[in-house]
Structures are given as C-alpha cells and as structure tokens.
Amino acid sequence: MQLQLQTWVEVEAYLRSSRGIILPIGSTEQHGPIGLVGTDAICAEVIARGVGEAAGALVGPTIAVGMAQHHLGFAGSMTLRPSTLIAVLRDMVESLATHGFERFYFVNGHGGNIATVTAAFSEIYAARSLPAGANLQSVKCRLRNWWQNREVQQLAKELYGNAEGSHATPSEVAVTQFAYPDAIKSAPLDPPIAPSGEYTDAVDYRRNFPDGRIGSNPGLATPEAGRRLYDAAVAALSKDYLSWVAA
Ligand code: NI
C-alpha cells in the first residue's frame, strides 16, 4: 500500500491496526556505462513496495536523492550534503510521528547513505530524549540495505561470484532490468571486471574508477536474475519487518 495512493481517512484507519511504515531511500547517481542513474532509488522503491504488499504495510514516498558527493564527477549525479539529508529524514519521521506512526523501516538502496541515515536516527532519538522533547512518544527506526541479508547474498554469489563488486553491481543492475525492461542498456565494459579500491571526493573517485564502476561486471545482469533477486529481497525484508514491527 502506497501512502500517496491513500486518503487521510484511510491512513487514520491503518493507524488503528499498525504503527509501522516503510520508507524507501536510494540515490540519484551514475552507475557505470550500462547502469541507470536511478538504480539505487529504483531498487529501494520496487523492493520496498514488494515488502509493503507482502507485509500489508504502508510504504511512504521514495527518498530518491541521497548522500552521493563522490559521484559528482559523472553527469546526472546528485547529492544531498550529510547535514541536509539528516534534516530531511528528521522532518519526515517527525511529520509522520505527529500522526501516531512509531516504527520507521527504511529500505536502503545505496551504501553511501548508511553513515548519514544512522546519524539521522541518532538526531531523531536525541530530540526525543533531551528535555524539550521529553513528553514525545518514543519512535524506533531501522535501516536495512536490500542486498545485505543471507538470501540475497547467497543468490548474488551464486549468480556473479567475484564479478559482483561493490558499485554498479550486476545484482542491482539486474533488479532495475526486471523493473524497467524497456530501459536495458548495453555498452562495452573494459576491463570486464572494474578495478577495486578506495576513494574520497568526486575528483578522487573519477581518477580511480574512470567508467564509474567499482569491482563489478554489470554486463552479466539479466532481468530474469533481477526477478530472483527481487523475490529474495522481498522475502527476507518482509520477514524482518513483520517481526520488528510486532515486537
Ligand atoms: Ni547502487
């Protein structure tokens, strides 16, 4: 159930049976020569909506721009500063908490968001713990990266082995191919498996990873594999969500 397709009357009724909401968070950033700029937002959105269906949970609007300063050397990439993203997440959670939502389950599509989202949770909790917020009801937030669970990791290993890499991975590209088969791209990838390593800012990233990929061969992606990865992620996350929201 998408929040944006409900009326306020329906949301009020939902809150009588559940205090949980799922929030997809991704990024708008380059994903190499064949990966879509929206890869991380698309993966988070389609998987979050699948989890919402499986778990009977409300799914909020996708936060499609994340913390991706290191990708700004490539056209189309966008970022929020960490401080901006923290402010956005805090305002979103506090808006929903006003209505009685208490459990905020973020389905994340971008590794670069993890540190900032975790810091945002600390800000949200601090605002409720400090004396000025002492009368506010408590909220709980959880961040889950769609690819970091046993089901998806096993499948990605079986499908791609050491060609999975860590950015513009065949797994994430496959999920977008499953979601948007009309937007499948192809281009030469040289070398087939991109280099691995570290980076700091956007200039450093582009110097180290000239085509945008890190350690991956997204040329191995297929929409069929994307469906399997989607199914695995939805199964793992809906089980996790349901046990967490009930606790
Ligand atoms: Ni990505």
Side-chain angles (χ1 to χ4, degrees), residues 23-51 62-80 82 85 106-118 143-149 152-153 155-157 159-160 162-180 183-185 187 189 193-199 201-202 204-206 208-223 225-230 232-234 236-237:
L23 294 164
I25 178 165
S27 184
T28 298
E29 66 185 46
Q30 70 81 18
H31 271 75
I34 66 166
L36 307 180
V37 168
T39 296
D40 292 349
I42 291 167
C43 290
E45 181 171 272
V46 299
I47 290 166
R49 288 179 181 175
V51 174
T62 301
I63 305 151
V65 180
M67 212 306 286
Q69 60 78 19
H70 47 291
H71 293 293
L72 288 180
F74 298 86
S77 300
M78 299 169 69
T79 193
L80 298 178
L85 182 56
F106 288 80
V107 173
N108 180 38
H110 174 49
N113 285 339
I114 296 169
T116 304
V117 173
T118 305
L143 176 69
R144 285 290 183 258
N145 305 312
W146 70 262
W147 68 95
Q148 277 184 333
N149 51 72
V152 172
Q153 300 254 295
L155 182 53
K157 193 172 176 200
L159 289 165
Y160 304 123
N162 69 347
E164 173 72 356
S166 60
H167 183 64
T169 67
S171 291
E172 61 181 342
V173 170
V175 172
T176 67
Q177 291 181 343
F178 160 62
Y180 291 96
I184 295 175
K185 318 284 180 173
L189 297 172
I193 296 181
S196 294
E198 295 183 347
Y199 55 83
D201 59 15
D204 187 55
Y205 186 107
R206 178 129 191 182
N208 298 343
F209 311 106
D211 78 1
R213 299 173 295 145
I214 302 180
S216 64
N217 181 2
L220 302 174
T222 65
R227 170 171 266 289
R228 293 178 66 193
L229 289 155
Y230 165 87
V234 167
L237 295 180

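Treat the numbers as computed from the prediction; the structure is a model and nothing was measured. Ligands are counted one by one from 1 in listed order, and the atoms in each one are counted from 1 as well. Counting begins at 1 with the first residue of the sequence.
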Test side chain to side chain contact (heavy atoms under 4.5 Å, CB included) applied to Arg206 - qualifying residues, sequence neighbours left out: Phe74
Less than 4.5 Å apart, any side-chain heavy atom of Tyr205 and any of His167? yes
Just to be careful: counting only protein atoms that are N, O or S, how many fall under 2.8 Å of the Ni ion (ligand 1)? 3
Partner residues of Asp201 under the salt bridge (Lys or Arg N to Asp or Glu O under 4.0 Å) criterion, sequence neighbours left out: none
Residues at least two apart in sequence or cross-chain that pass side-chain hydrogen bond (donor to acceptor under 3.5 Å, both in side chains) with Asn217, listed by chain then number, are none
Taking Glu45 as the fixed residue, which of Thr62, Asp40, Ile63, Ile25 is the one that meets the side chain to side chain contact (heavy atoms under 4.5 Å, CB included) rule? Thr62
Measuring only between side-chain heavy atoms, which start at C-beta, is Leu189 closer than 4.5 Å to Pro218? yes
